[in-house]
Amino acid sequence: MSALPRDFYEREAEAVARALLGTILVTRIGKEERRARIVETEAYVGEHDLACHAAKGNTPRTRVMFGRAGHAYVYLVYGMHELFNVVTGPDGVAQAVLVRAAEMDGMPARHASGPGKLARALGITREDYGRDLCAKRRVWLEPGPPPEAIAATPRIGVDYAGEWAAAPLRFIDASSHAVSGKRPRG
DNA sequence: GCGTCGATGGCA
DNA sequence: GCCATCGACGCG
């Protein structure tokens, strides 16, 4: 299976966030390959989006977001969790999509539901900062079965972002049981 | 089932 | 001082 091509990522972050649902995130970091079907994403749409790290400007941390689409943006939050994002949009426009949850082969859903847990389960770290996801090396994405229905909600953990806190830029596979947060009752 | 809180480190 | 989080704990 071939990696998603550059032009998949060279669209607005919201479109990419939706299109990423159902795709397969693949890592080959140790000797073993791990595959996970993405079921939850969030779009961070540019420097004007107060929840987007790029709103702080072009810094050593945010630099990759200002570059070409299809590269990994990985960073540390709360001193302990590494979060995996993909850079989107035209070169020079700072956007990214955070991958928040996935369904992983042979793993209970709760171990890959939540952005910190997902990156940990796949072995993604800050060493992957700036990695070209179109190069199919260590971390990449492949086509996968799209969701039957997509739901949109506000993004998680961005209450500081003023009007942008309420923007419906979180997208989930409505029928997945691996979405982060509350489990469906059953 | 809920709300609250501590851990922990890079960053501006 | 602030976080794009998580898990443990206390409550009842």
Side-chain angles (χ1 to χ4, degrees), chain A residues 9 12-21 23 25 36 38-67 69-89 93-104 107-131 133 139 141 150-173 176-186:
Chain A
Y9 302 102
E12 288 300 303
E14 178 173 344
V16 177
R18 290 174 173 276
L20 280 173
L21 295 176
T23 65
L25 176 57
I38 294 172
V39 299
E40 178 178 350
T41 59
E42 285 178 358
Y44 290 83
V45 300
E47 295 174 81
H48 58 293
D49 173 3
L50 297 183
C52 183
H53 290 166
K56 307 281 193 189
N58 189 336
T59 70
R61 181 213 215 182
T62 62
R63 189 187 77 258
V64 70
M65 266 196 287
F66 287 80
H71 293 259
Y73 170 43
V74 184
Y75 67 93
L76 187 72
V77 268
Y78 301 115
M80 58 190 98
H81 300 294
E82 322 222 39
L83 270 54
F84 172 73
N85 303 245
V86 303
V87 175
T88 72
V93 175
Q95 303 182 333
V97 173
L98 170 66
V99 180
R100 293 190 54 91
E103 299 164 344
M104 190 165 0
M107 174 145 331
R110 64 182 176 282
H111 290 331
S113 299
K117 290 189 288 187
L118 175 62
R120 164 119 29 208
L122 286 163
I124 297 171
T125 70
R126 281 166 287 169
E127 287 187 19
D128 297 299
Y129 180 95
R131 189 169 304 284
L133 301 171
V139 183
L141 291 98
I150 295 174
T153 80
R155 295 169 292 185
I156 305 298
V158 297
D159 291 346
Y160 62 88
E163 299 182 352
W164 286 93
L169 292 172
R170 172 175 176 247
F171 303 100
I172 66 181
D173 176 340
S176 176
H177 293 285
V179 168
S180 72
K182 293 169 189 158
R183 301 287 114 234
R185 282 178 300 184

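The sequence lines fix the lettering, A, B, ..., with proteins before strands; numbering per chain opens at 1.
- Contacts between residues 114-129 of chain A and DNA chain C, defined by a heavy-atom separation below 4.0 Å, involve A/Gly114, A/Pro115, A/Gly116, A/Lys117, listed by number.
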Acceptor/donor pairs from residues 157-169 of chain A side chains to any protein atom, 3.5 angstrom cut, sequence neighbours excluded:
residue  : atom : partner : partner atom : Å
A/Tyr160 : OH   : A/Ala51 : O            : 3.3
A/Trp164 : NE1  : A/His48 : O            : 3.2

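- Across the protein-nucleic acid pair, A/Leu83 atom CG and B/dG10 atom C1' stand 14 Å apart, rounded to whole Å.
- Atom NE2 in A/His81 sits roughly 15 Å away from atom P in B/dG10 (whole-Å rounding).
- Listed here is the closest heavy atom pair of A/Ala121 and A/Met107: CB-SD, 4.0 Å.
- In this structure, A/Met80 has no side-chain contact (heavy atoms from CB on, under 4.5 Å) partners at least two apart in sequence or on a different chain.
- Considering only residues two or more places apart in sequence or on other chains, A/Glu47 meets the side-chain contact (heavy atoms from CB on, under 4.5 Å) condition with A/Ala54, A/Phe66, A/Ala94.
- Evaluation of the side chain to side chain donor-acceptor pair (under 3.5 Å) rule for A/Asn85 yields no partner, not counting sequence neighbours.
- Between A/Glu47 atom CD and B/dA12 atom P there is a gap of 14 Å when expressed in whole angstrom units.
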Secondary structure of DNA chain B in dot-bracket form (Watson-Crick or G-U wobble, distances below 3.5 Å, | marking inter-strand pairs): |||||||.|||.
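- Every residue two or more places apart in sequence or in another chain that forms a side-chain contact (heavy atoms from CB on, under 4.5 Å) with A/Ala72 is listed here: A/Val74, A/Phe84, A/Arg131, A/Leu133.
- Classification of A/Arg18 and A/Asp173 as a salt-bridged pair fails, no side-chain N sitting under 4.0 Å from a carboxylate O.
- On the nucleic acid side, DNA chain C contacts chain A at distances under 4.0 Å to non-hydrogen atoms, with the end points of that region at C/dC3 to C/dG7.
- Looking at residues two or more places apart in sequence or on another chain, you find no side chain to side chain donor-acceptor pair (under 3.5 Å) involving A/Thr125.
- Remark: A/Arg61 CZ is packed, more than 12 non-hydrogen atoms of other residues, nucleotides or ligands lying under 6.0 Å away.
- In the region residues 51-60 of chain A, proximity to DNA chain C at under 4.0 angstrom, judged on heavy atoms, holds for A/Ala51, A/His53.
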Test log, rule ring-ring contact (aromatic ring centres under 6.0 Å, His included), inputs A/His53 and A/Tyr44: CA-CA 8 Å; A/His53 290 166; A/Tyr44 290 83; 7.2 Å; no
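- Whole-Å rounding puts the A/Tyr78 OH to B/dT4 C1' distance at 15 Å.
- Legend: residues meeting side chain to side chain donor-acceptor pair (under 3.5 Å) with A/Arg126, ordered by chain and number and at least two apart, are A/Glu82.
- A/Glu12 meets the side chain to side chain donor-acceptor pair (under 3.5 Å) test with A/Gln95; sequence neighbours excluded.
- For the residue pair A/Glu127 and A/Tyr129, no side-chain donor N or O sits within less than 3.5 Å of a side-chain acceptor on the partner.
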